[in-house]
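These notes concern the structure reproduced below.
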2 protein chains.
Amino acid sequence: MKKFLNEAVDFVDEMLDGIYLAHPQLTFVNDDKRCMVVARRRSGKVGIATGGGSGHLPLFLGYVGEGMLDGAAVGGVFQSPSAEQMNEVTKAIDQGAGVLYVYGNYSGDLINFDMAAELSDLDGIAVRQVVGNDDVASSVVGEEHKRRGVAGIVFVFKAAGAAAAEGLPLDEVTRIADKARARTRTMGVALSSCVVPEIGHATFSIGEDEMEIGMGIHGEPGISRQPLAKADKVVDEMMGRIFAEQPLGQGDEVAVLVNGLGGTAKEELYILFRRVSQLLTERGARVKHVWIGEYATSMEMAGASISILHLDEELDRLIGAPADTPFFSHRNA
Amino acid sequence: MKKFLNEAVDFVDEMLDGIYLAHPQLTFVNDDKRCMVVARRRSGKVGIATGGGSGHLPLFLGYVGEGMLDGAAVGGVFQSPSAEQMNEVTKAIDQGAGVLYVYGNYSGDLINFDMAAELSDLDGIAVRQVVGNDDVASSVVGEEHKRRGVAGIVFVFKAAGAAAAEGLPLDEVTRIADKARARTRTMGVALSSCVVPEIGHATFSIGEDEMEIGMGIHGEPGISRQPLAKADKVVDEMMGRIFAEQPLGQGDEVAVLVNGLGGTAKEELYILFRRVSQLLTERGARVKHVWIGEYATSMEMAGASISILHLDEELDRLIGAPADTPFFSHRNA
């Protein structure tokens, strides 16, 4: 296991120490470093919270900041945070306008965030939930409720965060987050496994010349293991599955996220984006927003995912709005 | 070789296609995609150009943009761009105030950029040069002119870019760039090799439990190969070598860059920064600017480097000034 770490058991907490030292705009509540909130809260604004396992930086906590999220409950590596953590975050960020939870569709998170919502209700805080399920590889059409949330959730964070920053009320922020969720599709491909520090060996094995299309960000099985193909062919297959559900064409506008899973060079992400752009242009669709880099990782896993958000006027405005978090920064031109 | 690519020979040009499609604020001159310049040039401003081999994204071209660089000559993977490319970039970005070259200390780059400076002189353009040599592992004290330029060059880009944006004249911008260079020290450690696409196999081999302290970003030999140690011990050794040359203490202020070489998870970079911060705080030094992430890579190489810039008032202001490039964004709070 070639990682910079001290004791595996301290991986998350020492990472958090580094995060708080580096980013003083973040702080924590209830004496628990794993209950992260923005240091400056804006009165009257709808709060947006997320949470999830560690090992996915920038997910989840990296988007806590201006114009995106107000708080995050931080779990162990690939483990859900507790309901109590999420409730503490909720209490800290509520400014009287209620709180929206945006998180990925995983059973542990669903149970704990449901419970957190109940606890928060007892505290008199209105809570809504939007559950990211953008990974088209994880179920057939018609069973979207079974789909995992992966990198496309960052589009939901961005749209919801900008809506809250505009001062919209909880039900409106929820409507927008849910619309961004419903209009986002992601396909991933893995080339190597990651190593969970406390386990110390690869989560799965994959041949030197193989790729796995549709693998999840914790190493969940994908839909096909194949010989590693040329980059354009890989993109064609991934985008084919996205287009099957999002028949984009003339006049459609999209945001594109080409996400590195951790161990893949940025140069390669641009080679992938080149083909994504060609395919969209061939169909007459217009790329309005482009994010390329590491947005949702599996630590050092090699691989990539492509997320497409089918914009409308409202989402275009919100995706393009200014934001400033430790891992995401956008300002208007 | 587990990379997303089509033909190895097209790696750089297809990457550049992706870059131009994603970032319309960048363009190229002389019909050569490898002669990159900012699309909007500001009249009367000193131009700043860099250049170097590909395979190091965000280096070099990723810092072309507002508040940093005006142009970059792009070479093949780990290969110097030509004098002609650099001269074309120079002619395109010169606004009558002259051009500063900032690049790393490698023999090919030195030869080609010297020649480009001569060509540009014949074109009537004043050119100055500052050659980054921040890698303390690559020579002993007293022979700093032999040192390689590595991640710390980004501090030089930032300081020089901000100085030019303030409207300072060429000699002042050069003075500031040279001061940032002289006050920056970097130490790196590699855990794995990268694979050059046209070669197709690892540049060097390293054992499953080994690290190499001081390795260069092209796989140049370091100063010691050792069993992989705990993260804090690795940082202690690296910072020990930096402190030996930069005896930072009470009242000193620094900028810190913890740079991932490509294949190392962001979580680990924060674990490294935690210790860097502890060591600086123990000495009474104050961390004013923190950059953590991938700033200068060797494609998918696992490993990290630590760069320390010893600030003065002027550098503090310039490092903190706004900037907006495809790979670097900072705005004032």
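If you're wondering where the values come from, they're calculated on a predicted model, not measured in any experiment. Protein chains get the first letters and strands the later ones, always in sequence-line order, with residue 1 at the start of each.
- Looking only at side-chain heavy atoms (C-beta outward), B:F4 and A:K230 stay at 4.5 Å or farther from each other.
- Contacts between residues 7-26 of chain A and chain B, defined by a heavy-atom separation under 4.5 Å, are made by A:E7, A:F11, A:E14, A:M15, A:D17, A:G18, A:I19, A:L21, A:A22, A:H23.
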Start with the C-alpha gap between A:K2 and B:E208, add the side-chain angles, then the distance that decides, and say whether salt bridge (Lys or Arg N to Asp or Glu O under 4.0 Å) holds. CA-CA 7 Å; A:K2 302 205 90 169; B:E208 246 321 295; 5.5 Å; no
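- Here B:D324 is the residue among B:V287, B:D324, B:T264, B:V234 with the most heavy-atom pairs under 4.5 Å with chain A.
- With a threshold of 4.5 angstrom between heavy atoms, B:E66 approaches chain A through side-chain atoms but not through N, CA, C or O.
- Among the candidates B:E210, B:M211, B:R275, B:K233, the residue making the largest number of heavy-atom pairs closer than 4.5 Å to chain A is B:E210.
- Side-chain N or O atoms of A:D232 include none that pairs as donor or acceptor with a backbone N or O of B:N6 at under 3.5 Å.
- Side-chain contact check for B:S54 versus A:E267: every heavy-atom pair is 4.5 Å or farther apart.
- When heavy atoms are compared at a cutoff of 4.5 Å, B:L272 approaches chain A solely by way of its side chain, counted from C-beta outward.
- Taking 4.5 Å as the heavy-atom cut-off, the residues of residues 297-307 of chain A that approach chain B are A:M299, A:E300, A:G303, A:A304, ordered by number.
- By the 4.5 Å heavy-atom criterion applied to side chains, B:Y270 and A:L57 are counted as neighbours.
- For chain A, the option among B:G55, B:G293, B:G263 with the highest count of heavy-atom pairs below 4.5 Å is B:G55.
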